[in-house]
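Note on naming: letters A, B, ... go to the chains in the order of the sequence lines (proteins, then strands), and numbering restarts at 1 for each one.
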There are 2 protein chains.
Amino acid sequence: MSFRDKLRLYVLTERKLAPEVEAVKAALDGGATAIQLRLKNVPTREVLEVAEKLRKLTQEYGALFFVNDHLDIALAVQADGIQLGPDDLPVSVAKKLAPSLIIGASVYSLEEALKAEAEGADYLGAGAVFPTDTKSEASVLGLEGLREIVASVKIPVVAIGGINHENVLEVLKTGVHGIAVVSAIMGAPDIKEATEKMKTLLNK
Amino acid sequence: MSFRDKLRLYVLTERKLAPEVEAVKAALDGGATAIQLRLKNVPTREVLEVAEKLRKLTQEYGALFFVNDHLDIALAVQADGIQLGPDDLPVSVAKKLAPSLIIGASVYSLEEALKAEAEGADYLGAGAVFPTDTKSEASVLGLEGLREIVASVKIPVVAIGGINHENVLEVLKTGVHGIAVVSAIMGAPDIKEATEKMKTLLNK
Ligand code: NI
């Protein structure tokens, strides 16, 4: 599987919903092809320790492993890449510091998408596709906004934000390379089963 | 001046007391030989922006520049080094990732000091020498504890924690290579003057 193919079912950790290591293990068992560790306001040492465990797990399953924001930790654990948002290191800086890492940029508009591609991002996390608890209405791209981004950039696009088993097929029709999921998997009573169900939908 | 000599008057930023850029400029005007940017719970992008400005300033003055915790930012702005505490990346990991950076380890006991030296730290920030608002009595090294560390390691030791104009001469008698100051400089009504006064005491 190529890097692009592995963006297909991209699962993000969410400590408020499930402890990272167990949850990621279950998601990998269910068929997740990429994992992102997202831990905010936690000491660096603790992020490193969790990242080491997730790197080991993802390697066993042949899945991609991304670290949110912390380029130093991504390098320390030999992650496949990092995910950078507007509050993180700029893509151009990260690219210079760590040319070997796959760099994902979180973008919330067509303008940001084009800028991230120009700066050298390897893929985009574009959202929010649907309203979520953490994103206000104002920052919702919608399916139309997502389709526009997919049509405008050459790098792969992973859709994020409010994607669940009910709406995933609609999202796929926009031409995205993959979908990123938080709540619909991390918040499920059975994470492995929720991932398997999503995987089945993605293979349709 | 060697790296060791430049550890002599080491000033740390403290946003609660003074805005970083103006305060560092004043401290450099007053004779600070090393600056550490310490910004917790602030987005990476913002830390990077402040770090870029402080790197430029310290370069103009020929002072050392350290970034607390964020190895990625230290590399991005070409800081002289990083300062790592028990919650940050381990010294050994940082050393492997960034062999060109000077690595300072924050230590709070003789045991931690010996461990940090063994892991490859280039200097120690040892404290707290005196009680401070942020450190409880329990973690106070005292002058005796500091003296013991200085006598037990080969790398330079910078004393930190509650050092001010009144007690600095006592601290110097322990044989430390330098003193690190937060409140006595960053909390002074005139930062430049407070630094100059400290510098005069250090030159006695
Ligand atoms: Ni960091």
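No more than 12 heavy atoms of other residues, nucleotides or ligands sit less than 6.0 Å from atom CD of B:Gln78. By the neighbour-count criterion of 12 heavy atoms within 6.0 Å, atom NZ of A:Lys95 is densely surrounded, having more than that number from other residues, nucleotides or ligands. Atom CD of A:Glu46 is surrounded by more than 12 heavy atoms from other residues, nucleotides or ligands within 6.0 Å. Residue A:Glu60 qualifies as enclosed at atom CD: its count of foreign heavy atoms under 6.0 Å is above 12. Atom NZ of B:Lys199 has more than 12 neighbouring heavy atoms from other residues, nucleotides or ligands inside a 6.0 Å radius. No more than 12 heavy atoms of other residues, nucleotides or ligands lie within 6.0 Å of CD in B:Glu22, so this atom counts as exposed by the packing criterion.
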message: Quick one, A:Leu89 with B:Ile73, criterion side chain to side chain contact (heavy atoms under 4.5 Å, CB included). Give me CA distance, side-chain angles, the key distance, then yes/no.
response: CA-CA 8 Å; A:Leu89 287 182; B:Ile73 292 175; 4.2 Å; yes
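Listed by sequence position, the residues of residues 145-153 of chain A in contact with chain B number zero, using a 4.5 angstrom heavy-atom cutoff.
Rounded to the nearest 0.5 angstrom, A:Leu84 CG and B:Arg45 CZ are separated by 8.5 Å. The distance from the CG atom of A:Asp72 to the CG atom of B:Leu71 is 5.5 Å, given to the nearest 0.5 Å. Atom CG of B:Asp69 sits about 8.0 Å away from atom NE2 of A:His70, to the nearest 0.5 Å.
Contacts of B:Leu97 with chain A are made by side-chain atoms alone, with heavy-atom separations under 4.5 Å and no backbone atom involved.
In summary, the side chains of A:Asp88 and B:Thr44 do not present any donor paired with an acceptor at a separation below 3.5 Å, with no hydrogens or angles considered.
Between chain A and the residues B:Ala76, B:Pro90, B:Ala98, B:Gly85, the largest count of heavy-atom pairs under 4.5 Å involves B:Pro90.
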